[in-house]
Amino acid sequence: MTISQRFHTGLSMPEEEVTKVLASWRDYFNGRLPDLLLGLYSKDATFFGTSKSGLHRGASEIRSYFPSTYEVSFREWDVIPVACDSLLVIGTYAFGRDQPGGQDELPARFSLVLRLDGGRLRILHHHSSLEPGD
């Protein structure tokens, strides 16, 4: 059974919609466009970031977290329907930036709860943490 068969929200291809959300998140983050990035989140969203402690609640607290000096690239993700209007997206990404002497890269993992809001998927909750060392 595909995600589309299990996810009854009116979205014809949830996988494509999730890919669009992730691509937009990457582009806005890398472009240092916090207002556009914030537009991907629900007004009542919560966020646990990678580099700052504490739970960020709502638009103003989430906006205060961005921008970053890093750039992000998504590596892999899975999509799991959790309700008739919500999806769980779990995966990995890497934050990198050029440093004197080479590239600084921080591999991380993420989970997003996406909820259908006004006809489009928005981020209801975002959790990000560094990958543990082996």
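A quick note: this is a predicted structure, and the numbers were derived from the prediction, not measured. FYI, side chains are in, hydrogens and waters are out, and symmetry mates aren't considered; it's all heavy atoms of this structure.
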Going by the rule ring-ring contact (aromatic ring centres under 6.0 Å, His included), which residues pair with His125 if we only count those two or more places apart in sequence or in a different chain? none
Can you tell if the side chain of Phe47 reaches within under 4.5 Å of the side chain of Leu55, non-hydrogen atoms only? no
Is Lys52 atom NZ crowded by more than 12 heavy atoms from other residues, nucleotides or ligands, each under 6.0 Å away? yes
If we count only N and O atoms by modelled type, under 3.5 Å, do the side chains of Thr46 and Arg57 hold a donor and an acceptor together? no
If you round to the nearest 0.5 Å, how far is CZ of Arg32 from OH of Tyr70? 11.0 Å
Considering only heavy atoms from C-beta outward, does the side chain of Val79 approach that of Leu88 to under 4.5 Å? no
Closest heavy-atom contact between Ser128 and Ala108? OG-CB, 4.4 Å
Sub-4.5 Å side-chain heavy-atom contact between Thr50 and Phe95: yes
Heavy-atom check, side chain of Leu130 versus side chain of Leu106, under 4.5 Å: yes
side-chain contact (heavy atoms from CB on, under 4.5 Å) with Arg115: which residues, sequence neighbours excluded? Ser42, Asp44, Asp85, Ser86, Leu124
Does the side chain of Leu112 come within less than 4.5 Å of Leu22's, by heavy atoms? yes
For Ser24, check side-chain contact (heavy atoms from CB on, under 4.5 Å) against everything at least two apart and list the hits. Tyr28, Leu40
Hydrophobic cluster membership, Val21 vs Leu36, 4.5 Å side-chain cutoff: yes
To the closest 0.5 Å, what do you measure between CD1 (Ile62) and NE2 (His126)? 9.5 Å
Between Val18 and Leu87, is the side chain to side chain contact (heavy atoms under 4.5 Å, CB included) condition met? List the steps. CA-CA 9 Å; Val18 168; Leu87 299 167; 3.7 Å; yes
Check side-chain contact (heavy atoms from CB on, under 4.5 Å) between Arg26 and all other residues, then give those that pass, not counting sequence neighbours. Ala23, Asn30, Val72, Phe74
Mind checking side-chain contact (heavy atoms from CB on, under 4.5 Å) for Ser51 and listing every partner two or more places apart, or none if nothing turns up? Tyr65
Determine the minimum heavy-atom distance between Gly39 and Arg120, stating which atoms define it. O-NH2, 3.4 Å
Hey, mind stepping through Lys43 and Asp117 against salt bridge (charged side-chain N to carboxylate O under 4.0 Å, His left out) and telling me if it holds? CA-CA 10 Å; Lys43 291 183 189 212; Asp117 179 6; over 6 Å; no
Correct closest heavy-atom pair for Gly49 and His56 would be N-CD2, 4.4 Å
For the atom pair CD1 (Ile123) and CG (Leu114), what is the distance rounded to the nearest 0.5 Å? 6.0 Å
Suppose we screen for side-chain hydrogen bond (donor to acceptor under 3.5 Å, both in side chains). Which residues come up paired with Asp78, at least two apart in sequence or across chains? none
Verdict with supporting geometry, Val89 and Phe110, side chain to side chain contact (heavy atoms under 4.5 Å, CB included): CA-CA 8 Å; Val89 183; Phe110 69 91; 3.9 Å; yes
Identify whether NZ of Lys or CZ of Arg in Arg75 sits under 6.0 Å from the centre of the six-membered ring of Tyr93 and within 45° of that ring's axis. no
